[in-house]
Amino acid sequence: MPREVDVAGLVKGVLAGSRAVLARAITLVESHRTDHREAAQQMLMELLPHAGGGRRVGISGVPGVGKSTFIEALGTRLTAAGHRVAVLAVDPSSTRTMGSILGDKTRMARLASDDGAFVRPSPSAGTLGGVARATRETIVLMEAAGYDVVLVETVGVGQSEVAVAAMVDTFLLLTIARTGDSLQGIKKGILELADVVAVNKADGPHEADARAAARELRGALRMLTPSTAAWTTPVLTCSAQTGAGMDEVWTAVLDHRAALEAAGELERRRADQQVEWMWRVVRDRLLDRLQSDPGVRAALPEVERAVRDGELTPTLAAQQLLDRLGG
Ligand code: GDP
């Protein structure tokens with residue numbers, strides 16, 4: 001990255017759909033340097049009016065359910081149908097060198113070399129907040145560059161699903177039939193986020209198990225309150241390997257978005273997400289400032305010790321730390 005960032009050049013290149021410039025623009029939004037952060041925000045302000053045209057779909061599932069096989073199969077179908085497909089990932093536990101969920105060259109090799117697709121690994125390890133921010137901003141870049149389908153992959157562990165659900169229109173949960181209890185391993189909270197559920201690996205000898213698991217999941221979903229009256233989460237079966245049921249899964253994703261749109265909820269959902277994102281950044285920045293404040297840092301060991309030893313209530317201690325900020 002040159003010292004002086006050529007914001008106008010980046011904006012022009014992204015709008016022209018240049019892959020090389022797009023890659024540089026993404027590197028800029030992922031940068032932690034203060035001058036890069038400022039240039040990135042300038043660039044995003046100029047690109048924002050050109051964004052918003054993508055179908056944003058989150059795809060989640062525990063390792064091994066077949067996410068990369070599924071995304072490769074889906075992405076290839078979509079590019080063959082004339083779509084331009086961007087694939088992003090949110091995996092705060094990974095680093096670029098240590099096998100990020102999309103960093104491994106063998107994953108999605110076919111899609112990665114497809115002219116109609118742009119596959120980008122998760123930003124290198126950092127806080128979930130930082131990774132999520134970079135991913136949201138990358139969605140803006142991708143849409144401005146003309147990608148009309150944005151698939152955001154996340155591993156099915158912890159808080160990253162919540163972060164991804166907060167940046168997409170439709171959240172697709174991939175799962176597989178398990179011997180015994182198929183619900184085992186799917187947290188209720190994750191099921192609540194799902195707009196579409198697909199039981200993958202419904203092929204060969206596993207097909208009957210997959211159908212049974214889907215029935216069971218339908219039952220479990222009936223117990224939950226739907227997030228909107230406009231939509232009931234369907235549970236489908238598919239095979240990313242044979243392609244069976246893939247079209248139906250994609251149709252369900254499109255139907256979900258159409259239902260939101262018809263109910264006037266898509267715009268509201270996206271607007272709410274923007275405001276929620278603003279507060280997320282405010283919280284992250286305030287915490288950053290607090291934790292890097294010299295006065296706070298100096299006082300921290302003693303305050304923590306006093307809380308540990310029961311000499312200070314946590315609430316009073318928090319107040320003392322906050323009082324020091326900027327004081
Ligand atoms: P990820 O960790 O969720 O990305 O899962 P992968 O896509 O890497 O798949 C894990 C394993 O499951 C691989 O060996 C795949 O070949 C296999 N797999 C993925 N999808 C299917 C499917 O639809 N049917 C079958 N039988 N195997 C699959």
Side-chain angles (χ1 to χ4, degrees), residues 57-79 85-96 98-114 117-123 125 131 135 149-161 163-165 168 170-179 182-187 190-191 193-194 196-215 217 234-253:
V57 182
I59 300 182
S60 163
V62 296
V65 296
K67 286 182 301 302
S68 58
T69 311
F70 181 92
I71 292 171
E72 173 134 292
L74 175 66
T76 309
R77 274 163 188 256
L78 291 173
T79 58
V85 179
V87 182
L88 313 176
V90 171
D91 180 9
S93 64
S94 77
T95 68
R96 241 176 250 283
M98 297 289 290
S100 131
I101 58 173
L102 285 175
D104 183 348
K105 281 281 186 296
T106 62
R107 295 187 92 226
M108 304 183 204
R110 198 152 49 104
L111 197 58
S113 63
D114 186 328
F118 195 104
V119 180
R120 181 79 179 187
S122 178
V131 170
T135 306
V149 176
V150 182
L151 306 175
V152 186
E153 177 187 12
T154 183
V155 282
V157 284
Q159 284 298 300
S160 42
E161 276 90 354
V164 169
V168 297
T170 303
F171 190 79
L172 166 64
L173 175 68
L174 279 188
T175 183
I176 47 172
R178 285 155 222 269
T179 43
S182 70
L183 290 177
Q184 176 194 320
I186 303 183
K187 293 180 222 88
I190 305 284
L191 208 52
L193 292 176
V196 177
V197 179
V199 183
N200 190 34
K201 306 197 186 182
D203 46 47
H206 316 293
E207 201 179 328
D209 287 345
R211 288 189 198 291
R215 271 194 302 277
L217 280 165
V235 184
L236 306 164
T237 59
C238 68
S239 169
Q241 206 161 65
T242 67
M246 294 285 298
D247 288 341
E248 286 77 1
V249 173
W250 183 244
T251 300
V253 167

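Order of appearance sets the numbers: ligands from 1, and atoms from 1 within every ligand.
Listed for the Ser68 side chain is no donor-acceptor partner under 3.5 Å among the backbone atoms of Met108. For the pair Glu72 (side chain) and Leu111 (backbone), a donor-acceptor distance under 3.5 Å is present.
Annotation: the span from Trp250 atom CH2 to Leu172 atom CG amounts to 9.0 Å, rounded to 0.5 Å. In this structure, CG on Asn200 lies 9.5 Å from OG1 on Thr237, to the nearest 0.5 angstrom. The NZ atom of Lys201 sits 7.5 Å away from atom OG1 of Thr69, with the distance rounded to the nearest 0.5 Å.
In this structure Arg215 satisfies the salt bridge (Lys or Arg N to Asp or Glu O under 4.0 Å) test with no other residue, sequence neighbours excluded.
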Ligand 1: protein N/O within less than 3.5 Å of ligand N/O:
unit_1	atom_1	unit_2	atom_2	d
ligand 1	2 (O)	Gly64	N	2.8
ligand 1	3 (O)	Gly64	N	3.3
ligand 1	3 (O)	Val65	N	3.4
ligand 1	3 (O)	Gly66	N	3.0
ligand 1	3 (O)	Lys67	N	2.8
ligand 1	3 (O)	Lys67	NZ	2.9
ligand 1	4 (O)	Lys67	N	3.4
ligand 1	4 (O)	Ser68	N	3.0
ligand 1	4 (O)	Ser68	OG	3.2
ligand 1	4 (O)	Arg107	NH2	2.5
ligand 1	5 (O)	Gly66	N	3.1
ligand 1	7 (O)	Ser68	N	3.3
ligand 1	7 (O)	Ser68	OG	2.9
ligand 1	7 (O)	Thr69	N	2.9
ligand 1	7 (O)	Thr69	OG1	2.6
ligand 1	8 (O)	Ser68	OG	3.3
ligand 1	12 (O)	Lys201	NZ	2.9
ligand 1	20 (N)	Asn200	ND2	3.3
ligand 1	23 (O)	Asn200	OD1	3.3
ligand 1	23 (O)	Asp203	OD2	3.4
ligand 1	23 (O)	Ser239	OG	3.2
ligand 1	23 (O)	Ala240	N	2.9
ligand 1	23 (O)	Gln241	N	3.1
ligand 1	24 (N)	Asp203	OD2	2.6
ligand 1	26 (N)	Asp203	OD1	3.1
ligand 1	26 (N)	Asp203	OD2	3.4
ligand 1	26 (N)	Gln241	OE1	3.2

